[in-house]
2 protein chains.
Amino acid sequence: MDNKIFDMENARAQMRKSLLEYCILLAISQGELYASDILSELKADNLIVVEGTLYPMLSRLKSDSLLEYSWKESKAGPPRKYYRLTGEGKRTLEQLTLTWQELTSSINSLIKKYEKNN
Amino acid sequence: MDNKIFDMENARAQMRKSLLEYCILLAISQGELYASDILSELKADNLIVVEGTLYPMLSRLKSDSLLEYSWKESKAGPPRKYYRLTGEGKRTLEQLTLTWQELTSSINSLIKKYEKNN
DNA sequence: ACCCAGTACCTTGCATAAAAAGGTAGTGGG
DNA sequence: CCCACTACCTTTTTATGCAAGGTACTGGGT
């Protein structure tokens with residue numbers, strides 16, 4: 001079957017490849033956000049993402065049950081999908097935060113070795 | 001012409017996508033290493049890379065003039081290519097280290113916001 | 001003298017992922 | 001009632017990481 005929900009075993013490899021998913025979960029963890037909010041939030045932190053990357057990723061995270069959304073009306077324009085973390089999303093985010101900390105400590109240890117030889 | 005050597009302007013986007021190149025430069029910064037050395041070095045720090053990824057990357061870094069190599073004989077087996085950083089490689093590595101620090105601080109600032117709401 | 005295991009280098013082809021570009025539709029103002 | 005704006009989503013292109021496959025040099029055993 002191999003019908004994995006999120007494959008935490010590979011999370012480290014995943015993360016090394018791409019931090020985007022993690023950052024998006026982090027951004028949404030702040031409350032209910034819709035796509036444009038997420039883009040500005042990440043941009044404010046100098047992490048550039050574009051629409052064509054974000055929408056497919058939100059759909060994937062939704063179908064993995066890490067996110068859920070509700071429609072809300074907007075003052076000007078069409079209604080918006082406001083995303084929030086599910087319980088599983090929160091647990092996953094905490095796991096990913098651990099993985100992130102391990103990754104940074106690995107790289108920082110390499111950096112230290114470099115500084116010695118210089 | 002657009003004959004960029006390394007496109008430092010995009011280094012942040014590059015890094016977000018893939019930290020591998022940075023880690024490889026970091027590993028080589030410790031001295032002269034050949035491919036297997038690099039693999040074990042990264043593995044020791046829990047950063048898994050495989051041959052099929054490493055060799056093309058070494059070639060690219062070489063043709064970007066960030067690395068150079070010299071052949072050395074081995075006690076048992078064929079000769080090895082020992083890589084080291086060029087001057088430009090060292091400068092690039094320092095730039096990338098700055099970028100890495102900015103990236104971690106961006107993400108850590110997101111993490112803090114998350115912890116507040118929890 | 002010759003084969004074979006071990007090591008080292010490198011390339012090809014595939015799967016996945018990000019980005020660019022293009023497409024549909026609701027809303028409100030003029 | 002059209003048009004600009006916003007929002008959502010999909011399709012196509014491009015890049016990347018990896019598995020697998022391929023060549024070649026070496027030294028030891030027979």
Side-chain angles (χ1 to χ4, degrees), chain A residues 2 4 6-7 9-25 28 32-43 47-64 67-83 103, chain B residues 2 4 6-7 9-25 28 32-43 47-64 67-83 103:
Chain A
D2 204 16
K4 318 176 190 176
F6 194 73
D7 193 356
E9 295 185 4
N10 252 28
R12 162 170 291 251
Q14 289 278 351
M15 177 166 291
R16 193 201 47 207
K17 262 195 285 187
S18 140
L19 296 166
L20 279 182
E21 213 164 56
Y22 176 53
C23 291
I24 286 167
L25 287 177
I28 295 175
E32 289 201 322
L33 300 182
Y34 80 109
S36 293
D37 288 337
I38 299 172
L39 292 177
S40 358
E41 174 65 33
L42 293 178
K43 193 164 196 174
L47 300 161
I48 294 142
V49 195
V50 294
E51 269 201 334
T53 305
L54 182 60
Y55 279 107
M57 209 170 260
L58 288 173
S59 302
R60 181 156 28 93
L61 293 171
K62 161 82 166 52
S63 73
D64 286 348
L67 294 180
E68 59 193 0
Y69 64 77
S70 36
W71 289 98
K72 305 218 171 165
E73 308 231 325
S74 150
K75 286 192 174 181
R80 303 166 172 174
K81 276 188 179 176
Y82 278 85
Y83 285 90
L103 178 69
Chain B
D2 205 16
K4 319 175 190 177
F6 193 73
D7 194 355
E9 295 185 3
N10 251 29
R12 163 169 291 250
Q14 289 279 350
M15 177 165 292
R16 194 200 47 206
K17 262 194 289 186
S18 142
L19 295 166
L20 279 182
E21 213 164 57
Y22 176 52
C23 292
I24 286 167
L25 287 176
I28 295 176
E32 289 201 321
L33 300 182
Y34 80 109
S36 293
D37 288 337
I38 299 172
L39 292 176
S40 358
E41 174 65 34
L42 294 178
K43 193 165 197 172
L47 301 161
I48 294 143
V49 194
V50 295
E51 269 201 335
T53 305
L54 181 60
Y55 279 108
M57 210 170 259
L58 288 174
S59 302
R60 181 155 30 92
L61 293 171
K62 161 83 166 51
S63 73
D64 286 348
L67 295 180
E68 58 192 0
Y69 63 77
S70 37
W71 288 98
K72 305 218 172 166
E73 309 231 326
S74 149
K75 285 192 174 179
R80 304 165 172 174
K81 276 188 178 176
Y82 278 85
Y83 285 90
L103 178 70

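Worth knowing before you read on, the calculation uses all heavy atoms, side chains too, and leaves out hydrogens, waters and symmetry mates. Every chain is numbered from 1, with letters handed out A, B, ... down the list of sequences.
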By nearest atom, which of the nucleotides [options] is closest to the [X] side chain?
{"X": "R60(A)", "options": "dT10(D), dA18(C), dG17(D)", "answer": "dA18(C)"}
{"X": "L20(B)", "options": "dC8(D), dA18(C), dC18(D)", "answer": "dC18(D)"}
{"X": "P78(B)", "options": "dA18(C), dA8(C), dC8(D)", "answer": "dA8(C)"}

When the distance from [atom1] of [X] to [atom2] of [N] is rounded to whole Å, what number comes out?
{"X": "L33(B)", "N": "dC9(C)", "atom1": "CG", "atom2": "P", "value": "12 Å"}
{"X": "M57(B)", "N": "dT16(D)", "atom1": "CE", "atom2": "P", "value": "8 Å"}
{"X": "D37(A)", "N": "dT6(D)", "atom1": "CG", "atom2": "P", "value": "14 Å"}
{"X": "E51(A)", "N": "dG23(C)", "atom1": "CD", "atom2": "P", "value": "15 Å"}
{"X": "Y82(A)", "N": "dT6(D)", "atom1": "OH", "atom2": "P", "value": "14 Å"}
{"X": "L54(B)", "N": "dC10(C)", "atom1": "CG", "atom2": "P", "value": "10 Å"}
{"X": "Y34(B)", "N": "dG6(C)", "atom1": "OH", "atom2": "P", "value": "15 Å"}
{"X": "L39(A)", "N": "dC8(D)", "atom1": "CG", "atom2": "C1'", "value": "12 Å"}

S36(B) side-chain N/O to dA8(C) phosphate OP1/OP2 under 4.0 Å: yes

Under-4.0 Å side-chain N/O to phosphate OP1/OP2 contact, Y55(A) with dT10(D): no

Pair E73(A) + R80(A): basic N to acidic O under 4.0 Å: no

R60(A) with E21(A): basic N within carboxylate O range, under 4.0 Å: yes

Along DNA chain D (nearest heavy atom to each residue), the more 5'-positioned of K81(A) and A76(A): A76(A)

Shortest non-hydrogen contact between [X] and [Y], atoms and distance:
{"X": "S40(A)", "Y": "S36(A)", "value": "OG-O, 2.6 Å"}
{"X": "V49(A)", "Y": "L39(A)", "value": "O-CD2, 3.6 Å"}
{"X": "A35(A)", "Y": "Y55(A)", "value": "CB-OH, 3.4 Å"}

Residue whose closest nucleotide on DNA chain C lies nearer the 5' end, G52(A) versus Y83(B): Y83(B)

